[in-house]
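Structure, as structure tokens:
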Amino acid sequence: MYYSKLFIPTLKQSPADAEVISHQLMVRAGMIRQLAAGIYSILPLGLRVLKKVEQIIREEMNRIGGQEMFLPSIPPAELWQESGRWELYGKELLRLTDRHDREFCYGPTHEEVITDIIRGGVKSYRQLPLLMYQIQTKFRDEVRPRFGVMRGREFTMKDAYSFHADEASVLEMYEHMKQAYSNTFSRCGLDFKMVEADSGTIGGSFSHEFMVLADSGEDAVAFCDTCDYASNIEKAASRTPDPVTPPKKPDPLKKIPTPGKKSVEEVAQFLKVSARQIVKTIILENENGLVAGLVRGDRQLNLVKLKNLIGCDWLQPAPESLIVSKTNIPCGFIGPVELDMKVYADHEVAVMHNFVTGANSKDAHYTGVQFERDLNVAQMGDLHEVQEGDPCPKCDGGRYRVKRGIEVGHIFILGTKYSATMKAFYLDDQGKENPMIMGCYGIGVGRTAAAAIEQNHDDKGIVWPAPLAPFQAVVIPVKFDEDRQRQASEEAYRTLGDLGIETLLDDRPERLGVKFKDAELLGIPLQIIIGPKNLDAGKIELKSRKTGVSELIDFPDGLQIIPERLQNL
RNA sequence: CGGGGUGUGGCGCAGCCUGGCUAGCGCACCUGCUUUGGGAGCAGGGGGUCGGAGGUUCAAAUCCUCUCACCCCGACCA
């Protein structure tokens with residue numbers, strides 16, 4: 001395409017409200033424009049990239065037997081009431097009312113709709129398994145949209161759903177999905193990790209996230225430096241600590257005045273002990289009231305782990321006002337000894353002796369606390385968040401590393417959660433009715449593109465992996481209005497087109513520097529520079545965006561090597 | 001939802017505290033001349049309800065009240 005005919009509004013300066021690099025560059029490169037919080041217009045150049053991502057996803061979904069379809073973006077409330085999510089989903093679900101006062105929502109995900117269709121069309125185990133998918137606009141009324149298309153409210157998502165007659169079948173599909181997702185993100189040129197993820201109430205280890213490693217990621221990924229164990233930090237298991245031989249004569253419980261010393265650091269300094277000798281007591285609130293979580297002083301409590309251990313519906317830090325009104329103990333001095341609520345202890349705490357805790361009264365702490373003797377613990381488990389350097393739970397000698405990640409894909413097995421409540425039943429070979437077993441699998445299309453930029457950019461702009469680039473090559477004449485250069489440029493443009501290369505011809509009457517800057521900002525993998533001196537010698541210049549290395553090639557025959565060059569980008 | 005911040009041509013900003021004359025600067029845009037292998041120079045030009053509403057005042061971008069939008073920091077998610 002001819003650059004002068006396209007709408008590519010590039011900017012020299014970043015918009016003030018763009019925080020992360022991918023957002024800045026997508027705006028500067030003329031790919032997107034913001035319309036409202038978390039709502040973006042996708043401009044032609046941006047759409048070309050999204051279509052590339054979509055096409056890769058399509059090919060990988062089709063390869064494992066996925067069937068593409070397109071579901072309504074605005075489903076009626078009844079389906080959601082039937083599944084129970086009309087109430088459960090909360091404010092993130094954008095609710096709409098039509099002229100007849102009927103309720104609808106803008107679909108944030110489509111389990112209900114697809115389950116409704118499948119239950120009407122599938123009656124026999126012979127029709128299973130099925131894998132259905134769509135690529136469609138979703139809307140989630142996020143509390144805090146940010147980072148451009150990385151966390152928009154309106155966004156494009158590939159969502160897939162599978163239906164099975166038995167567990168083995170869904171597990172097999174799950175493995176296919178892992179492969180398809182790995183292929184997809186590899187083909188997008190991304191450095192990613194497949195990690196175990198919290199599967200919430202569904203249980204089992206059947207949930208994986210695909211994380212693109214990038215400093216701007218909103219999630220943390222913990223992975224072993226030796227074996228292949230990797231997990232979202234929310235779920236990353238810690239190694240069970242070795243038992244510690246108790247001292248022959250344990251210290252007695254002693255109440256020590258610690259005026260004004262609230263934090264672990266303050267108490268440790270004041271009592272001249274290490275943070276590892278202190279036990280932190282964190283008060284949380286769930287549907288049944290207050291509970292306490294215990295972790296070592298140098299650890300952070302992992303809320304997801306504790307929630308899973310308790311098995312409650314929700315769990316959050318209790319506000320200080322609530323704690324004080326219920327317990328009459330000021331924050332900073334709470335401890336597990338004779339605390340009037342259920343106490344859950346991290347397994348590291350269980351092997352401690354002679355430790356320090358709050359004394360449940362203002363300006364005082366206990367020393368010489370003994371786990372067995374002094375505490376009444378409801379349950380113990382792995383409750384702390386792992387840190388860089390912690391031992392790997394799966395292999396000997398391995399150490400955890402922790403990095404930031406962007407969640408671009410998530411797969412999990414749903415089981416019969418929707419099929420049971422929505423009565424999606426099939427008849428098995430005994431003629432018996434069973435709920436179908438389901439899996440669901442999502443990829444954020446725009447987020448994948450943004451993640452690609454986070455991983456592939458430099459101070460000049462985007463450096464697209466060739467498979468995602470809006471154009472694979474750009475022909476840059478030094479002066480387009482000079483006859484010989486124009487003819488050579490157009491010939492190069494045609495030749496590349498014949499070779500199946502998507503090419504941009506920069507025919508604008510701009511100075512060369514401007515054309516270079518734009519080509520670099522846009523991140524087009526290969527530049528073909530056509531100038532008078534090189535033409536005299538029958539040559540043109542081929543320059544790589546990524547390496548900045550340029551070489552002279554014969555014109556026009558040398559153009560034939562370009563498809564091969566692109567293979568390696 | 002809590003806490004903080006910002007709204008001034010398409011983009012980035014100054015002006016506001018201490019009201020005052022035609023609202024200014026850089027980039028971008030239009031015209032002309034010169035220039036032309038790394039974001040050109042000169043000259044001329046177009047474009048702004050100063051987020052919105054109300055108020056104070058002889059006079060409001062500036063002060064007051066209300067309101068809307070957007071951004072940033074904390075619990076959810078592709």
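Chain letters run A, B, ... following the sequence lines, proteins first, then strands; residues in each count from 1.
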What class does the angle between the rings of [X] and [Y] fall in, given that below 30° is parallel, 30 to 60° is tilted and above 60° is perpendicular?
X	Y	value
Y2(A)	F480(A)	perpendicular
Y441(A)	Y174(A)	tilted
Y40(A)	H23(A)	perpendicular

Kindly say if [X] contacts the phosphate of [N], meaning a side-chain N or O under 4.0 Å from OP1 or OP2.
X	N	result
K12(A)	A28(B)	yes
R144(A)	C73(B)	yes
R511(A)	U36(B)	no

Quick check: any donor-acceptor pair below 3.5 Å linking the side-chain of [X] to the base of [N]?
X	N	value
D518(A)	G38(B)	no
K543(A)	G37(B)	no
R146(A)	C72(B)	no
E510(A)	G39(B)	no

Legend entry - Interatomic distance where CZ belongs to R28(A) and C1' belongs to C11(B) [whole Å]: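 Atom-to-atom, R28(A) to C11(B), this comes out as 11 Å.
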
Inset, instruction - State plainly whether the residues D219(A) and R404(A) are in salt-bridge range, i.e. N to O under 4.0 Å. - result: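 Salt bridge between D219(A) and R404(A), a charged N being under 4.0 Å from a carboxylate O: no.
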
Legend entry - Pair R486(A) + D483(A), salt bridge at N-O below 4.0 Å: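 Yes, this pair counts.
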
Inset, instruction - Measure from NZ or CZ of R447(A) to the centre of the six-membered ring of F155(A), then state whether that distance is under 6.0 Å and the direction lies within 45° of the axis. - result: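 No - R447(A) does not lie over the ring of F155(A) by the 6.0 Å and 45° rule.
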
From the list [options], which nucleotide is the closest neighbour of the side chain of [X]?
X	options	result
E142(A)	G37(B), A78(B), C70(B)	A78(B)
D219(A)	G39(B), C77(B), G37(B)	C77(B)
F516(A)	A75(B), G38(B), G37(B)	G38(B)
E19(A)	G38(B), C13(B), C72(B)	C72(B)

Inset, instruction - Could you check which nucleotide pairs with U22(B) in any of the strands shown, counting Watson-Crick or G-U wobble with both distances under 3.5 Å? - result: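 No nucleotide pairs with U22(B).
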
Legend entry - Nearest-angstrom distance, C1' atom, G9(B) to G15(B):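 Straight-line distance between the two C1' atoms is 16 Å.
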
Could I get a table of every N or O pair under 3.5 Å where one atom is in the protein and the other is in nucleotides 24-26 of chain B?
{"residue": "G26(B)", "atom": "N2", "partner": "Q13(A)", "partner atom": "OE1", "Å": "3.2"}

Inset, instruction - Select base, sugar-phosphate, or nothing to describe what M211(A) touches, counting heavy atoms under 4.0 Å on all strands. - result: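 Answer is nothing: M211(A) stays at 4.0 Å or more from every strand.
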
Inset, instruction - Select base, sugar-phosphate, or nothing to describe what V478(A) touches, counting heavy atoms under 4.0 Å on all strands. - result: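 The answer is base, as V478(A) lies within the cut-off (heavy atoms under 4.0 Å) of a base atom.
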
